[in-house]
*Asks:* 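One structure is given below, represented as structure tokens, and several questions about it will come after.
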Amino acid sequence: MLETAALLLALSVGTNAAPAVPTETPHPIVETVTEITEGLVPYEAPELEPELPQPEPPKPEPPKPEPPKPENPKPTQPKPPAEKPWVNPYGQTLATCTTSFARSSSNRKKNIELATKACNGYVIKPGETFSFNTVVGKRTKERGYKEAGVYSNGQTDTGIGGGICQVSSTLFNAALESNMTITARRAHSLSVSYLPRGRDAAVSWGGPEFKFKNPYKFPVMVGTYYDKSGKLTMSILGPADAKISKPTIKVTEKGGVYTLTRTVDGKVNYTTKSTYGKH
């Protein structure tokens, strides 16, 4: 390339001149170009300065939640009354009495059994009255009652339904102990073997009657148990949560007269008298 440039320069001097004979001495231009090229330093790309990390732009704050809008108040419904726990209406024995008929005849035992079954489960509501003759009914052969010993006007005799007075007398004592209001009761003309004097209650169809009234605000029920071995149990049943005052019962004797007195909370609330002839 440098030789070509020297040649062109020579031609520019004159076209008529004879071409110069090349010599070994280098042309001054060539030398100058050679010097220039030798002095050149190879190009090196400058090193780039590392970029400093740019700070991140601040994050926009999240929008503040709007305050909740007040809800329309719902109309309050009245709460239903709490249900009371179930209570067994006849889960408590308010009072009971047991007597024996083991030595009785088979006919008398049958009469006791029939009268006992008639009373069993009978409910007396508050203020109502229990009537033995009404509940047991007339004692007749058609209804299964038999001839057995009875007391009549201070003497022993036989009659249809003999022995049922043991049922009424046993129930009388259960009614006494449960503080029932006794409205009708009469003693036998002769003393009985199954209860102390003053604590029996005679009954007969069309004659003496045994009645009592329920003084409580809850119903009571007559519960009975006839044991074929010779035990009769009569009970007054009430609610499992019932609370009643326990009465004190006392029998005194003066001049052949037996006086039964029942006291409740320090007050006498029932008195009855009995007199008996000789057997």
Side-chain angles (χ1 to χ4, degrees), residues 86-146 148 150 159-186 188 192 194-195 199-205 207-242 244 247:
W86 182 82
V87 176
N88 187 340
Y90 307 110
Q92 180 182 175
T93 300
L94 304 180
T96 189
C97 179
T98 300
T99 57
S100 175
F101 60 86
R103 296 183 180 182
S104 298
S105 65
S106 60
N107 282 2
R108 188 174 188 276
K109 288 179 179 178
K110 183 62 178 179
N111 294 338
I112 291 173
E113 181 181 7
L114 291 174
T116 300
K117 287 182 178 179
C119 295
N120 188 42
Y122 191 88
V123 173
I124 307 104
K125 295 180 181 178
E128 288 188 346
T129 297
F130 173 94
S131 166
F132 187 87
N133 281 338
T134 301
V135 174
V136 175
K138 192 173 183 178
R139 282 69 79 179
T140 64
K141 288 184 179 180
E142 291 74 19
R143 298 184 64 213
Y145 287 94
K146 301 181 179 299
V150 296
I160 300 297
I164 65 167
C165 288
Q166 183 165 347
V167 180
S168 61
S169 295
T170 307
L171 182 56
F172 168 58
N173 281 267
L176 279 174
E177 297 287 351
S178 59
N179 204 24
M180 294 291 113
T181 302
I182 310 301
T183 58
R185 175 264 173 185
R186 202 170 93 179
H188 287 83
V192 298
Y194 48 82
L195 280 167
R199 300 196 66 154
D200 58 303
V203 292
S204 67
W205 189 256
E209 170 72 298
F210 168 57
K211 296 180 181 180
F212 65 87
K213 183 178 180 180
N214 176 11
Y216 299 116
K217 294 182 179 180
F218 51 80
V220 297
M221 184 173 71
V222 177
T224 70
Y225 179 69
Y226 177 89
D227 188 340
K228 292 182 179 180
S229 66
K231 295 288 184 182
L232 168 64
T233 300
M234 306 293 286
S235 304
I236 302 295
L237 310 176
D241 60 351
I244 66 171

*Asks:* Calculate, to the nearest 0.5 Å, the distance between atoms CZ and NZ belonging to Phe101 and Lys231 respectively.
*Replies:* 9.5 Å
*Asks:* Please list, chain by chain and in numerical order, all residues satisfying side chain to side chain donor-acceptor pair (under 3.5 Å) with Ser106, sequence neighbours excluded.
*Replies:* none
*Asks:* Going by atom types alone, do Asn107 and Ser105 pair a side-chain donor with an acceptor below 3.5 Å?
*Replies:* no
*Asks:* Rounded at 0.5 Å granularity, tell me how far CD1 in Ile236 sits from CG in Asn173.
*Replies:* 11.0 Å
*Asks:* Excluding sequence neighbours, so at least two apart, what forms salt bridge (Lys or Arg N to Asp or Glu O under 4.0 Å) with Lys213?
*Replies:* none
*Asks:* Check this for me: does any side-chain nitrogen of one of Lys109 and Glu113 sit under 4.0 Å from a carboxylate oxygen of the other?
*Replies:*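 No, no charged N to carboxylate O under 4.0 Å.
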*Asks:* Using residues 118-130 as the side-chain source, report each donor-acceptor pair under 3.5 Å to any protein atom, sequence neighbours left out, with the distance given to one decimal.
*Replies:*
unit_1: Asn120; atom_1: OD1; unit_2: Thr224; atom_2: N; d: 3.0
unit_1: Asn120; atom_1: OD1; unit_2: Thr224; atom_2: OG1; d: 3.3
unit_1: Glu128; atom_1: OE1; unit_2: Lys125; atom_2: N; d: 3.2

*Asks:* When you compare the side chain of Tyr194 with that of Ser100, does any pair of heavy atoms fall below 4.5 Å?
*Replies:* no
*Asks:* Please list, chain by chain and in numerical order, all residues satisfying side-chain contact (heavy atoms from CB on, under 4.5 Å) with Val150, sequence neighbours excluded.
*Replies:*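 Only Asp157 meet the side-chain contact (heavy atoms from CB on, under 4.5 Å) criterion with Val150.
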*Asks:* Indicate yes or no: does Asp200 engage Arg185 in a salt bridge with an N to O separation below 4.0 Å.
*Replies:*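 A salt bridge links Asp200 with Arg185.
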*Asks:* Report the distance from atom CD1 of Ile164 to atom OH of Tyr145, rounding to the nearest 0.5 Å.
*Replies:* 6.0 Å
*Asks:* Taking the side chain from Asn133 and the backbone from Trp205, do they hold a donor-acceptor pair closer than 3.5 Å?
*Replies:*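 Such a contact is absent between Asn133 side chain and Trp205 backbone.
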*Asks:* In this structure, is the centre-to-centre distance between the rings of Phe212 and Phe132 below 6.0 Å?
*Replies:* no
*Asks:* Give the C-alpha distance, both sets of side-chain angles, the deciding distance and a yes or no for side-chain contact (heavy atoms from CB on, under 4.5 Å) between Val167 and Leu232.
*Replies:* CA-CA 8 Å; Val167 180; Leu232 168 64; 4.1 Å; yes
*Asks:* Would you find a donor on one side and an acceptor on the other, under 3.5 Å apart, between the side chain of Arg143 and the backbone of Lys138?
*Replies:*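 Between the backbone of Lys138 and the side chain of Arg143 there is a qualifying donor-acceptor contact (under 3.5 Å).
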*Asks:* Identify, with sequence neighbours excluded, every residue that meets salt bridge (Lys or Arg N to Asp or Glu O under 4.0 Å) alongside Glu177.
*Replies:* Arg199, Lys246
*Asks:* Can you tell me if Glu209 uses its side chain to pair, donor with acceptor, with the backbone of Ala184 under 3.5 Å?
*Replies:*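 The answer is no, because no donor-acceptor pair under 3.5 Å joins these two groups.
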*Asks:* Looking only at side-chain N and O atoms, does Thr170 offer a donor or acceptor that is under 3.5 Å from a partner on Thr99?
*Replies:* yes
*Asks:* Measure the spacing between CZ of Phe210 and OG of Ser204 and express it to the nearest 0.5 Å.
*Replies:* 14.5 Å
*Asks:* Between Arg139 (side chain only) and Gly137 (backbone N and O only), is there a donor and an acceptor less than 3.5 Å apart?
*Replies:*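 Side chain of Arg139 to backbone of Gly137, a donor-acceptor pair under 3.5 Å: yes, one is there.
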*Asks:* Measuring from atom CG of Asp227 to atom OG1 of Thr116, what distance do you get when rounded to the nearest 0.5 angstrom?
*Replies:*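 Nearest 0.5 Å value for the CG-OG1 distance: 11.5 Å.
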*Asks:* Under the rule for side-chain contact (heavy atoms from CB on, under 4.5 Å), what residues qualify as partners of Pro89, not counting sequence neighbours?
*Replies:* Trp86
